[in-house]
Amino acid sequence: MDSGKGLLASELDSQRTLNPYVTGTSVVGIKYKDGILMASDMGGSYGSTLRYKSVERLKPIGKHSLLGASGEISDFQEILRYLDELIIYDNMWDDGNSLGPKEIHNYLNRVMYNRRNKFDPLWNSLVLGGVKNGQKYLGTVSMIGVHFEDNHIATGFGNHLARPILRDEWKEDMSFEEGVKLLEKCMLVLLYRDRSAINKLQRRSDWWWWCFMEIGEVDVETRKDRSYLDSGDYEEVTMNKSCSSPRTSAGATLIAKITEEGITVSQPYALKTFWGFTAYQNPTKGAEGSW
Amino acid sequence: MASKQQANWSPYDNNGGTCVAIAGSNYCVIAADTRLSTGYSILTRDYSKLQQLADKSILASSGFQADIKALQKHLSAKHLIYQHQHNKQMSCPAMAQLLSNTLYYKRFFPYYAFNVLGGLDNEGKGCVFTYDAVGSYERVGYSSQGSGSTLITPVLDNQLKSPSPLLIPQETEAVDLVKDVFASAAERDIYTGDRVEITIVNAAGIRREYAELRKD
Amino acid sequence: MFRNQYDTDVTTWSPAGRLFQVEYAMEAVKQGSAAIGLRSKTHVVLATVNKSNSELSSHQKKIFKIDDHIGVAIAGLTADGRVLSRYLRSECINYAFTYESPLPVGRLVVQLADKAQVCTQRSWKRPYGVGLLVAGLDESGAHLYYNCPSGNYFEYQAFAIGSRSQAAKTYLERKFESFTNSSREDLIKDALFAIKETLQGEKLTSSICTVAVVGVEEPFHIMDQKTIQELIESLEIKEEEPTDQGEAMEERSPEAAPAPMDI
């Protein structure tokens, strides 16, 4: 066999995933007083094109678990089909036993690891949160089967941008409001920084639609009014109040919560953003000659 | 088609970490740090790389976390079957042979795992077995594996390769030595840090200690 | 001479709607030495009678640990029992490998029953000649099941199988209402009394019985002989006074046997 042609042919008619097509970005999850909070946006990117704007990437799994996914959307939806089957089979026994978050996390790990063993990976990073018998659980699995538990977890860019914030500010037994506030802060930083070049990010803001999932108790209106930019680490950036940005609510984001009582997934809503920073208006200032 | 963003996909990752084991005349110290990394990122600061496989054998592994976990679960399941069949715990040397066979079984798609197995043998003497990823192994008096092993091994050589068995350290000295070598490795190896988990196996049973390491 | 025309293979029905090979397999369970089980809210106790075939041989093992949360006691063909125990163990190990949690007892029992059922419907197979009392603990509590060669299974508060098990059943039927709230110790005592019933006057010693326990915070384990002997001796003192000569109820009444699948 002609080795060169053979290799090429095997790439072209490969039945395995060699790269992702439509992808979702970071998922962030934290433990809080009553359970787990998770956040993600609803974007589905086709390379650098924002192709889909209302993809649900946070899904309840059975009674005790919540799954968030970044990476290939079609693979995630395939995983959801596996889990649906699993949960239905589990419920069919109707014997008082049920799969909790730990079991689902382990199962997902087996699925991901088995697929990597076949060199046919499911191109996702998954976050699994849940509460069962008063026990909080938050874990993650990667596309090659790397998995662990922690008090806070973020996939993809979130591991670079959100987790440092979480390491600073997360504490045991945060209230629901504190938790949501912390997640929104993480999502806002991700919204601003998830794209390496500033001009791309600015363009992106047209269509970048973050969605936190709505969670009952917290009033959407009050959250919309919140500005997290006028406090904390972000103060040093000069805000140009005179510039009225037409896109003050560029990003909608979702938060989902899971407690012993159940799972609530919110309606998509917008994060309050502000694009009037002088750094945004004059991005090359202080970087003369770079681009 | 979306442009190719990822470099060629690899089924492996190196999640880092360092393992050390020291055998004494009637004890064994097995230790590993608790950092889990990928590339320049830390995944979590509190992940145990130690697994108790039997009464008197403890496995410390570094390398690719998914493979390590699969290996640990496989060995634990095998040990359960062994207990059902023989009504006793597997000895540490037997576990050592099983681990070697298990690694070699995947010779052509290896577990990316670097193992040190420590415990007590049937005479109650401390034993350490050290491995490569495909199962070659050797019984030694002490060993270090993983990302920090290049920094630690020469120190252990210097401190422990004694010309006389009388110079083999006492339990507490060995534990202190382990704390020192981990603190030292954490200075220079970015994949070693956060915390070191130390288990001590002796006639009385198993004891566990922790020491803090650099977190940067 | 009368010869049964419908018992030469498992897959042939008799005109009365019976599968004789399956019933013969269930007969094998009755030939085996007795095994009993009983449960409270938190514990399950299994006990068996150990009979050796000869003075020169030891007895065969009749209680098997399946996992930390499940154990079985068998009556009938011990060899079949061992094979099924191995199956149960591997199912538990596989489940734990995927989910890192124990397999619910009821689900294991159904898998076992389905395996037994297959043997009642294949011409080249024979039914297992063993009955299993499956004791276990899961999130829905303590459970005791009986698995039959026919592929049927039942959940019980207390049950006895094997030779002269009727006497034990009578004892258990008299007392089962109190078992739910019994202490672990009382459950073990009742297990010993039930075993004693099956011995028909023969002296109960730790060498002719095996007792195993599983419960909350207590992984399945077979109790050691010394503890059992001490327990037996403490019971005998109380027993001394009112000994009515044990009911000698023969459980095998040859006439008018109902189709035994429904037991």
Side-chain angles (χ1 to χ4, degrees), chain A residues 61-67 79 81-118 122 126 128-142 145-150 260, chain C residues 39-44 66-71 88 90-115 117 132-147 151-157 180 214-217 219-220:
Chain A
I61 306 297
K63 272 188 182 160
H64 315 287
S65 315
L66 178 66
L67 178 64
I79 289 168
R81 284 192 283 275
Y82 295 156
L83 289 173
D84 238 30
E85 196 181 333
L86 184 75
I87 294 297
I88 286 173
Y89 181 70
D90 191 49
N91 291 154
M92 274 166 59
W93 288 98
D94 194 22
D95 61 354
N97 295 287
S98 62
L99 296 167
K102 187 185 88 175
E103 287 77 25
I104 301 288
H105 186 221
N106 260 295
Y107 172 81
L108 284 171
N109 173 46
R110 293 308 306 164
V111 172
M112 301 304 268
Y113 185 69
N114 279 327
R115 290 292 289 266
R116 89 104 214 191
N117 282 345
K118 294 178 193 159
L122 292 164
L126 305 172
L128 196 103
V131 194
K132 194 183 171 189
N133 303 327
Q135 203 63 34
K136 285 177 258 185
Y137 190 96
L138 182 60
T140 178
V141 201
S142 81
V146 173
H147 61 289
F148 55 90
E149 289 174 56
D150 214 327
E260 200 81 62
Chain C
R39 68 148 219 249
S40 70
K41 255 187 255 166
T42 55
H43 288 80
V44 196
I66 300 302
D67 203 342
D68 277 342
H69 68 301
I70 297 178
L88 297 177
S90 83
E91 287 304 306
C92 283
I93 287 172
N94 289 340
Y95 188 93
F97 197 87
T98 319
Y99 300 103
E100 288 195 5
S101 71
L103 173 58
V105 192
R107 301 187 185 184
L108 180 68
V109 164
V110 172
Q111 283 185 278
L112 177 62
D114 288 352
K115 193 176 164 69
Q117 192 284 144
L132 297 96
L133 289 174
V134 183
L137 193 77
D138 57 32
E139 21 170 339
S140 57
H143 298 283
L144 174 68
Y145 288 92
Y146 169 57
N147 268 85
N152 280 327
Y153 66 95
F154 308 89
E155 184 164 12
Y156 286 97
Q157 178 72 250
T180 311
V214 61
V216 175
E217 310 275 88
F220 184 90

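All chains are named by letter (A, B, ...) in the order of the sequence lines, taking the proteins before the strands, and each is independently numbered beginning at 1. Just so it is clear, the structure is predicted and the values come from calculations on it, not from any experiment.
- A search for side-chain contact (heavy atoms from CB on, under 4.5 Å) contacts involving C:Asp138 returns A:Asn97, C:Pro104, C:Val105, C:Ser140, C:His143, not counting sequence neighbours.
- Using a 4.5 Å cut-off between heavy atoms, A:Leu86 touches chain C through its side chain atoms alone.
- Summarising the local packing, OH of C:Tyr153 is surrounded by 12 or fewer heavy atoms from other residues, nucleotides or ligands at distances under 6.0 Å.
- Your options are C:Gly141, C:Gly106, C:Ser101, and the one with the most heavy-atom pairs under 4.5 Å with chain A is C:Ser101.
- Residue contact with chain C, scored on non-hydrogen atoms closer than 4.5 Å, is absent for A:Ile104.
- Here C:Glu91 does not pair with C:Lys115 in a salt bridge; the nearest charged N to carboxylate O distance is not below 4.0 Å.
- With rounding to the nearest 0.5 Å, the separation of CG in A:Asn109 from CG in A:Asn114 is 9.0 Å.
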